[in-house]
Structure formats: structure tokens, C-alpha cells
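To start, the structure itself, in C-alpha cells.
Remember, predicted model here, so these are calculated numbers, not experimental data.
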Amino acid sequence: MALLRILFPCFVTILNLSQPCQIPDGFVAASSPGHVVIGGLFAIHNKMARSEEYPRRPEIQTCEGFEISMFLQTLAMIQSIESINNSSLLPGVKLGYEIYDTCTEVTIAIAATLRLLSKFNSSQDVLEIHCNYSNYTPRVKAVVGASYSEITMAVSRMLNLQLIPQVSYASTAEILSDKIRFPSSFRTVPSDFYQTKAMAHLIQKSGWNWIGIITTDDDYGRLALGTFGIQASANNLCIAFREVLPAFLSDSTIEVRINQTLEKIMKERHVNVIVVFLRQFHVFSLFNKAIERNINKVWIASNTWSGAVKISTIPNVKRIGKVVGFAFKGGNMSSFYDFLQNLHLWPNKKNKLLSDYMMLLSSCSNVKDSDLNYCIANYSKGNWDYRMVESNFSLRNGFLLENTEPGHVHSVQLAIYALAYAIRDQCRDRNCQNPAAFQPWELLETLKNVTFTDGENKFQFDSQGDINTGYDVLLWKEVNGHMTIINMAEYDLEKDVFIFKDSGTEKEFRNLKQIQSKCSSECLPGQMKKATQSQHTCCYECVSCPENHYSNQTDMDNCLLCNNETHWAPVNSTMCFDKQIEYLNWNDWFAILLLMLSALGIVCTLTVGIIFTRNLNTPVVKSSGGLIICYVILLCHFFSFVSTSFFVGEPQDFKCKTRQTLFGLSFTLCISCILTKSLKILLAFSFDPRLQKCLKRLYKPIPIIIICTGVQMIICIIWLMVAEPFVEENFSIPRVIILECDEGSIMAFGTMLGYIAILAFVCFISAFKGRKLPANYNEAKFITFGMLIYFIAWIVFIPVYATTFGKYLPAVEIIVILISNYGILCCTFFPKCYIILCKQETNTKSAFLKTLYMYSSQSASSLNVSHISLDSKPSEDPLPNHNFCYKSPVTLEQDKASQSHMAEHVQSARKGTAKNITGTLPRKRISSI
């Protein structure tokens, strides 16, 4: 595509036929009279033909480098105005035009603007100076142009003096949206803010982040660079290098700067994507040299050159790599194509641009269409033979059709339609055949709110004077050996999304993503980026995510933290895993073993109960306190063994509250019963009158049991009411959630266990004093052993429980409960069961009396030898403290009589006249023992 703009008649001869500027008409590239005249500024030529580096005289220089794309845009303006004149949009009013070639130079554009600002119908084209231009009528009512932002800004500042509306068809610098600095400026294309945003989005979506950028050294290039830098940062893109080329081809350093830029591109090997904000003639030179150096990259094209056929038809252009560009959205081109087909019928008397084009075609008549662009742009010497043009001439309409850029042509058409509709609104109640019917500043106010159409869609300028139609995303693709520009997608400005035309174009985009352009290798899922010493965030190292962190995407800046309470992740993980919920399960081998021991304890308890029931009247059973106390103690053991089952399985609130309460009450009741037995034994065999008197007052079996158990019950009730146990999730172990019972209050838990320990200690002291009773029936000794086992178990339990965590923590308490229960059960009942089952000869009344007789004789002899004072306490109390059933069949009165009788014998023994204690011990007393 090569579109060509309007040529200043002053520059109409590009070759040696250049003529002096004929003021004023020689300065106009194309014109047509009308009631309302619109000015046009187009960069038909791309540089000045200077013989010296700097001009020495203030004269307008000759231009060269004819641009077909700009010429076509000029024709679009002419065609649009003629179409409106031939329509009913402006009845009775004809639009005229004056088109000037800016020659891509601000100075020339200003010269043309001065002519446009000159007073209407003035023979000398005088620009009058006024303090107020409200009633001043210039040559034109509005200006269309210019092409490049830097020229547009310079022109706009001059047009602001008279508030003449200016509608640009290609200037995209974001600063032009500032209505304070450019109040009369409009444009029919989006701002570079949207183009740079779309570019950054495309680059980010393609997976690239290490890019280069090339711009021109003018307002457009600098503003585009700044805007793109902001968008790049917002999308985490890094600019590896910024190269700036001179804005004008007439600059003598441009060749050197292009070579330096290409060397920079070759040096940055990791940069495979380059954003190019250049004009077409810059890109043309850049690509020709890049082809020579075999530079293959992805080039992101701005709207100034993305659809330029002149560049896409460069020989071997496919060697430069891929080109993805943004172009203005096009419209219906049918009327414009018809205009081009009939261009040979168009008069060229006042259109020196067309004459220029005809002469260039004549000079390049032997060149094929693929090379015609290059020939026209670079033809600068020779003599034109007008007779040859007249006799052997063809406009090559097919060449013009191929070089048409629909987006640029459509934006020119929109600019003309916008002005035409605004003029229509002004002319509704005015005679616009009179050039002074309205002033430009009045048209400006109408233009701000005008709604116009191109025949298909309606448009309106926004508050910034822009029309945001969006972009077409173009892809340069080789088809049958030729580079073809295809429309790959559309970019929606409002939604900030790319809409692909079909699956084929989307596949082309996916192929682009295979190209790598990154400073560092992509960090895989499970890794994160670690900054290096480079100032760019895109340069980094990849490190694995630590434990309990993960990353599930590539190139993540930080690993994400798992929810430590419910999830975990190993090192270098791409996801979090649910923590395994653990507790002492029923199918755990250790739990099964402990439950089997508990079940064995229950069986032993029931077995002892059966044995005692069948031997109810034997001395062994009677000396144990009888069935009631024994059954109570055995029932307590039963519930203690049962309580261990509440420590196994998934913890629940009911289990947590029940297990400690059940164990605490049952074990307290057991110890309370054993305490009464210990006191009974101590009372029966104590020879100290004062101790006996004290024991007689304290010994109340049922109240003791009720009070001792009741205190524990109060402790448990307060515990459950104030700080009850509850189910807690323990997250202290990585990868595991331990379901456990929190005791609610450690103080309450310790108070409950401490209270049992106090009772057990009292039992131990009482039983210890009676540890020297007859060997076969010494219950106090076994109670002492049982209490010792209990103390050892729970003393060991405290540090173990405090340092143990995990699902086996309940097992520690189960073990202690089992040890305590088995210790008391074995010491209290198993010896008696052994006598009942294995030594039945000793389980008779006579054998029992004989044992007591021998014990009494030994005790009396010991007292007689030692001369123990009656007032003194025995050195060792004969009552052991152990957890045994005790129920004496002797009444308390009999105990008192027996104790009194025993005391008499002790007194006799002290006087040396004691009788044989054994022989005089009453039978009832012996029976009670």
C-alpha cells in the first residue's frame, strides 16, 4: 500500500524542472473553488532537497521523495468533498478546498498555514493582526491535517489564534487531547494512549517482556516513548533499549543513527521484539539495511506504517521476521475505489499533485508494479518529456488500489464528513453562499457536538475531540512468495480485548507466542523470580518455592502461601495439598493393643467379681470388707477401663467431656473405698490409745466415700461449666492436622488429678502403718504397693504428657490409666483370688486364727522385749495402704472390746506379768481382723 498526499505547487517539480514558487497560486498543491473552503495539509514529499546542511537564505526549498500513501489520502479528501457536493447534504452550498504539501517540514506547514489564515478575498493574501478575530473572515473555515503530530501541533497553535477548527486524520500524539493547549484541535483517530496500551497488551499476551523501542526525535516520538513506557510498566514489560532517529530524512546523521540502531539490535540477542514508532520513510531505510544484516525480529508497527505496501514490497522483506501492526479501522472503500478507477477522467489543471504523479509514472513506465513504489520515491534526476506523458500514459489504477490504506483513507473521509455535517448545522438558518455567513469559531462550537455518519455508522467527538474507533491488528504474512498484509484481529478500546477474525488468525497469533523475547528464562510453575543485580525487573533468577508455598503459573514474582491451617506444599510445588487429618484411630495398631488391654482389664474385673461372689463366706472375702465394697471398687475399675475407649476414635465434644469426667469420678470413688479400708485396718491393729480414739471419731465409711467422691464431682462440674473440654485442630505438625481434645483448663485438669493424688497419698500413709499384718492376709501391704504403682505411673505421666504431641498423645493417658487400674486391681484382688483358687487350705477359719495367733505372739514378745511405752506410737503401723476391698464382719462395739482387752495384755507385758496375748485375744477380735 502506498498512499500519497497533496503536493505544494511550489514543489510540483521534484526533478530538474523545479520552477520558482509562483505566489500565491504556485503555493497550492490542489484547489477547487466553493462557497465554503476547507484547507488541507498533507505530507506529499518526505524530505527537503537541500544543497547545504543548513539554509542560508529564507526561501522555500524544493521537496523530494514522493509518497504514494499520502497522495492517496489527498485524493480521499478530494473524493469526499466531491461526493458531498453531489449529494443533498448541503443543498445550494458547494464545498471548496485548498490543499498544501507540508513536505514533512514544520516550516513549510507554517508557511501554508499563514496562507490559510490570510484574509478572505484579499488580492495580496494579507494576514491582518487584530485584538479580536470574532468578525475576521479567513480564506478557509476549517483545516484538515496535518499528517504528523509535530506538524499538527505547530499548525494548531497558529490556528488557535482565530479558533479555526482543525481536524487531523493521522496525528495520534496524546498531548493533542489537551483542550487547554489545543482548543480547536480534533481528530478522527484514537490517541496514542490507546495504541500504546494495545501494544503493551499484545506483547504481554504473547508472553514477551524484554523489548526494544525505536522512535523519532520529535514531539510524536518522545510522547509515544513516554506513553508506551508507562503502559509497559503497567504490564510488567521491560525496555532493553531506546533508540531515537532524526525526525527528518534531510538530517545528514540519519544514516549513521540507523546503523547504530541496527548494531544495538544485534547486540541485544535476547531482544526479539521491537516496537517501532517511525514514519514510513524511516522504516523503509531501516528495513533495507536490516535485510543486509540478516536481522530477524518481531516488529510491532505503529499506525503510521503498519499497512504500508511500499515497505511490505521491499525485496526479501520476509527476512526481517514478523511484523504485527496496529492500523486505524477502515470503512466502506467502494466509492473511493470507483474514484480511483476513473481518475484518468479527472481534470488535473488545478491539481498539480495529479500532474506530478502522472510525470513520475511516465518516468517509471518501464518499471513493474512491485518496484514502482521504490522508483517513484527515489526518482530525483532527469528531464520530463510532457509530450511523452500525453502520448504514452497510464495511471496504473491497479497500483493505486493495492497501495490504498483503508484506515488512513477512512479517517480522511471522516474528517470531511464531520466538517460537512457541522457546516450543514450552521447553514440551516443562514445563507452560506455568502462566505461571511458564519465564522470559523462558530463552526468550532458546532463541531464539538455534531453527530455525523459515513453512510454506515454514526460518530461523534468525545470531550477531548477524539473519535475512538478502535484498531485493526495487522499481520504481515508471506503468501505464495509475496508479503501480504492480513487483518488478524480487532482491538476493542472500551473492553481492552482482542477479537480474532477466525480460528486461522488466532492460530497465527499462537504461532507468534512461540517466539521468545525475555531477559531471563521462563520460571516454571513451582518456581518464583528472584531479582538480580540488574535494574530491570525482567532480569531475574528462578528459585524453587519454599515449603508451604506454591506457584501455579509461569514467571510468578512471588510464591503463594498455602493456608497453613488446612494445606501444605513441598518444596518446588505447583499446588497446595490438603493436610491429612489424624487422630488415634480405631484401626491403629497401637490403639488396638491398648483397647485389648482395656478389654482384658474388664474381663479380669468381671472374673474377680464372679470369684468373690462364689466364695462369699470364706475368711479371705470377709477380710476384704465384703461384697458391697468389693463390688463398688470393681465397678469403678470397670468404668475406668471403659473410659479409655473415649480416648480412641475421632474426637467429639461429647467424648472430650466424658472421658476425663468418667475416669476422674470412677477412680476417685475407687480410692475413697480403699481409703476406708486403710483406716479400718489401722484402727483394728493400732495399740496407741490416742490414735485409736482419733480414728474412732474419724472412721465413718459411707460419709467418707460420699464426701471424697462429692468433692471430685464438684471439681468436675465447675470444670465443665467454666472451661469445658472441646475438640481442637492442632496445626503444629507439618502436613498433618491433629484432631485432639483440648482440656479447656489445664488448672482444672490438674486439680482433678491432684485431688486423686491427695486421696491416694492418705491411703498410702494409712496402709504403710499396717504393712506388718499377717503375711497371708496382709491387705495393707498390697494397698501400699498399689498406691506406689499409681504414684510412679502418674509422676512419669506428667513430663511425658507435657512433651508429647501428635495423635498418640491420648495413648499416653490411656497407658497411665491402664497402669493405675491394673496396679490396684492386681494388688488388691489377685492375691486373694490366688488364695481362694490355689491355697484353699489357708482359706479356712482355723488357718486364719492360727495366723493371727502367731502374729499376736510375735507382737507381744516384741513389745515385752522393747519395753515400749504405752504413751508412745508404734514405730511402724501395722496397716498397709493399698487399694483392697475391706468389709469387717465384726461390729464396732466388738472392735472396741477387743481393743480394750488387747490393751490390758500390753500393759501386763510392760509390767513383766503379761499373759500370753495370743491366748487371751478374743475370737471376735480375731474374726474381725
Side-chain angles (χ1 to χ4, degrees), residues 593-615 618-627 629-644 663 666-678 681 756-757 759-761 763-764 766-768 770-771 773-797 813-840 842-843 879-887:
L593 176 62
L594 295 177
L595 291 174
M596 290 177 63
L597 293 174
S598 296
L600 179 62
I602 293 173
V603 171
C604 292
T605 301
L606 296 176
T607 302
V608 170
I610 294 172
I611 294 174
F612 270 53
T613 302
R614 291 186 175 181
N615 297 273
T618 61
V620 171
V621 176
K622 289 181 178 180
S623 65
S624 298
L627 281 180
I629 294 295
C630 288
Y631 283 162
V632 171
I633 295 175
L634 291 173
L635 186 63
C636 292
H637 283 304
F638 173 81
F639 284 118
S640 292
F641 283 121
V642 170
S643 68
T644 59
F663 165 72
S666 60
F667 206 78
T668 300
L669 180 58
C670 177
I671 298 296
S672 299
C673 293
I674 295 175
L675 178 59
T676 60
K677 293 182 64 174
S678 300
I681 295 171
I756 297 175
L759 294 180
F761 183 74
C763 285
F764 173 78
S766 301
F768 184 78
R771 68 189 182 282
L773 288 177
N776 291 339
Y777 310 99
N778 191 352
E779 203 168 1
K781 180 172 61 177
F782 293 120
I783 292 175
T784 304
F785 292 154
M787 293 301 107
L788 282 175
I789 294 173
Y790 165 80
F791 285 133
I792 294 171
W794 285 95
I795 289 173
V796 173
F797 163 77
E813 196 165 352
I814 293 176
I815 293 172
V816 176
I817 292 174
L818 291 177
I819 292 174
S820 302
N821 277 340
Y822 271 112
I824 295 175
L825 184 65
C826 293
C827 293
T828 304
F829 293 103
F830 283 9
K832 296 183 180 298
C833 291
Y834 173 75
I835 294 174
I836 293 173
L837 297 177
C838 300
K839 291 189 175 183
Q840 297 181 2
T842 62
N843 191 20
L879 291 179
N881 182 15
H882 208 290
N883 189 12
F884 276 51
C885 298
Y886 186 88
K887 175 115 185 233

Inset, instruction - Go through Cys826 and Phe785 one step at a time and tell me if the side chain to side chain contact (heavy atoms under 4.5 Å, CB included) criterion holds. - result: CA-CA 10 Å; Cys826 293; Phe785 292 154; over 6 Å; no
Inset, instruction - Begin from the C-alpha positions of Ile836 and Phe612 and carry the test side chain to side chain contact (heavy atoms under 4.5 Å, CB included) through to its verdict. - result: CA-CA 9 Å; Ile836 293 173; Phe612 270 53; 4.3 Å; yes
Inset, instruction - Starting from the C-alpha separation in whole Å, work towards a yes-or-no answer on side chain to side chain contact (heavy atoms under 4.5 Å, CB included) for Ile602 and Val642. - result: CA-CA 8 Å; Ile602 293 173; Val642 170; 3.9 Å; yes
Inset, instruction - Would you sort out whether Ser666 and Phe638 count as a side chain to side chain contact (heavy atoms under 4.5 Å, CB included), showing the intermediate values? - result: CA-CA 9 Å; Ser666 60; Phe638 173 81; over 6 Å; no
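How far CD1 of Ile633 is from SG of Cys670: 5.5 Å, rounded to the nearest 0.5 Å. Distance check, rounded to the nearest 0.5 Å: OG1 of Thr668 to CG of Leu675 gives 12.0 Å. Between Leu837 atom CG and Arg614 atom CZ the span is 10.5 Å, to the nearest 0.5 Å. Atom OG1 of Thr613 is separated from atom CG of Leu634 by 8.5 Å, given to the nearest 0.5 angstrom. How far CG of Leu635 is from SG of Cys673: 10.0 Å, rounded to the nearest 0.5 Å. Put simply, CE on Met787 and CG on Leu759 are 10.0 Å apart, with the number rounded to the nearest 0.5 Å.
Residues Cys630 and Phe829 are in side-chain contact: their nearest non-hydrogen atoms beyond the backbone lie under 4.5 Å apart. Taking 4.5 Å as the limit, every side-chain heavy atom of Ile819 sits out of range of all side-chain heavy atoms of Phe797. Ser598 is not listed as a side-chain neighbour of Leu594, based on a closest heavy-atom distance of 4.5 Å or more.
Across Trp794, Phe639, Tyr790, a single residue satisfies ring-ring contact (aromatic ring centres under 6.0 Å, His included) together with Phe667, and that is Tyr790. Test Thr605, Leu606, Thr607 against Val603 for side-chain contact (heavy atoms from CB on, under 4.5 Å) and you get one pass: Thr607.
Of all heavy-atom pairs spanning Phe663 and Ser643, the tightest one is CB-OG, 3.8 Å. Residues Ser640 and Ile817 approach most closely at O-CG2, 3.8 Å, considering heavy atoms.
For Tyr822 and Phe641, the ring centers sit closer than 6.0 Å to each other.
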